[in-house]
**Q** 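Pasting in a structure now, in structure tokens, and then I'll have a few things to ask.
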Amino acid sequence: MTGAGLSTHVLDTARGRPAQGVRVELHDVTGHTRRRLNEAITNADGRTDAPLIERGTLSAGTYELTFHVGAYYADFAAASTPPFLDVVTLRFTVADAGGHYHVPLVMTPWSYSTYRGS
């Protein structure tokens, strides 16, 4: 079955805008290994310019998305130094390689949430 891929979106609710310039890493952590698959920086819309996993190449397994939010909030006066949240890692499982997995991060310097989007 042809997979639809994996994408992400980062939203900064403290500033009320998409989070531009967040470094995002993707690792495959299926089994007992951790293999780096991709790295990207979010654009002005808070998205990566291309999917993290292209259409047709998504496999079932366990993945980690790592968001470098401490560096993003370094110039935000209300954020603490050192940052309360520095690196946010989301671990999730792809069961249906034929589905599209959109995993957004909604964040502030002190909290975050995620969900499986469309």
**Q** Any donor-acceptor pair under 3.5 Å linking the side chain of Thr48 with the backbone of Ala50?
**A** yes
**Q** Measure across Leu52 and Asn38 and return the closest heavy-atom pair with its distance rounded to 0.1 Å.
**A**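 Nearest heavy atoms, Leu52 then Asn38: O-ND2, 2.9 Å.
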**Q** Fit a plane to each ring of Trp110 and Phe76, take the angle between them on a 0 to 90° scale, and name the class: parallel (under 30°), tilted (30 to 60°) or perpendicular (over 60°).
**A**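 Tilted.
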**Q** Where the side chain of His9 meets the backbone of Pro18, is there a donor-acceptor pair that is under 3.5 Å apart?
**A** no
**Q** Given the rule that I, L, V, M, F, W and Y join up when any side-chain heavy atoms are under 4.5 Å apart, are Val88 and Val106 in one cluster?
**A**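 No, separate clusters.
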**Q** With heavy-atom distances below 4.5 Å as the criterion, would you say the side chains of Ser7 and His100 are in contact?
**A**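 The answer is yes, as the side chains (C-beta and beyond) meet within the 4.5 Å cut-off.
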**Q** Does the salt bridge (charged side-chain N to carboxylate O under 4.0 Å, His left out) test come out yes or no for Arg23 and Asp86, once each step is laid out?
**A** CA-CA 12 Å; Arg23 184 164 64 106; Asp86 186 25; over 6 Å; no
**Q** Does any non-hydrogen side-chain atom of Arg47 lie less than 4.5 Å from one of Gln20?
**A**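 Gln20 vs Arg47: side chains apart.
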**Q** Using modelled atom types only, decide if a donor and an acceptor are shared between the side chain of Tyr101 and the backbone of Asp96 within a distance under 3.5 Å.
**A**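 Checking the backbone N and O of Asp96 against the side chain of Tyr101, a donor-acceptor pair under 3.5 Å is found.
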**Q** What's the spacing between Leu58 CG and Leu6 CG if we round to 0.5 Å?
**A**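 Answer for the CG-CG pair, Leu58 versus Leu6, is 6.5 Å.
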**Q** Might you point out which heavy atoms bring Ala95 and Ala60 nearest each other, and give the distance in Å?
**A** O-CB, 4.1 Å
**Q** Answer yes when Asp75 and Arg15 have at least one side-chain N-carboxylate O distance shorter than 4.0 Å, and no when they do not.
**A** yes
**Q** Okay, side chain of Thr42, backbone of Ala19: is any donor-acceptor separation there less than 3.5 Å?
**A** yes
**Q** How long is the gap from OG1 on Thr114 to CG on Leu90, to the nearest 0.5 Å?
**A**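 So the gap between those two atoms works out to 5.0 Å.
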**Q** Between His27 and Thr89, is a side-chain hydrogen bond (donor to acceptor under 3.5 Å, both in side chains) present by the stated rule, with each step listed?
**A** CA-CA 10 Å; His27 289 86; Thr89 301; over 6 Å; no
**Q** So how far is it from Asp49 CG to Asn43 CG, rounded to the nearest 0.5 Å?
**A** 5.0 Å
**Q** Donor-acceptor pair, Thr13 side chain versus Met107 backbone, under 3.5 Å?
**A** yes
**Q** Taking a hydrophobic cluster as the set of Ile, Leu, Val, Met, Phe, Trp and Tyr residues connected by side-chain heavy atoms closer than 4.5 Å, whether directly or through intermediates, do Leu65 and Leu11 fall within one such cluster?
**A**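 Different hydrophobic clusters.
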**Q** If you define the side chain from C-beta out and look only at heavy atoms, does anything of Ile41 sit under 4.5 Å from Val22?
**A**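 Contact flag for Ile41/Val22 side chains = no.
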**Q** Can you list the steps and then say if Glu64 with Arg34 is a side chain to side chain contact (heavy atoms under 4.5 Å, CB included)?
**A** CA-CA 9 Å; Glu64 283 182 354; Arg34 187 171 195 264; 3.1 Å; yes
**Q** Same cluster or not: Tyr112 versus Val87, using hydrophobic residues (I, L, V, M, F, W, Y) connected whenever any side-chain heavy atoms lie under 4.5 Å apart?
**A** no
**Q** List the steps, then state whether side chain to side chain contact (heavy atoms under 4.5 Å, CB included) holds for Tyr63 with Val103.
**A** CA-CA 11 Å; Tyr63 297 88; Val103 183; over 6 Å; no
**Q** For Pro82, does its backbone N or O pair with a side-chain atom of Ser80 as donor and acceptor, under 3.5 Å?
**A**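 Indeed, once roles are kept as given, a pair shorter than 3.5 Å links the two residues.
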**Q** Does atom CZ of Phe84 have more than 12 heavy-atom neighbours from other groups under 6.0 Å away?
**A** no
**Q** Do the side chain of Thr62 and the main chain of Val29 share a donor and acceptor less than 3.5 angstrom apart?
**A**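 Judged by distance alone, no pair lies under 3.5 Å.
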**Q** Are a donor atom and an acceptor atom from the side chains of Tyr73 and Asp12 found within less than 3.5 Å of each other?
**A**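 On atom types as modelled, these side chains qualify, holding a pair under 3.5 Å.
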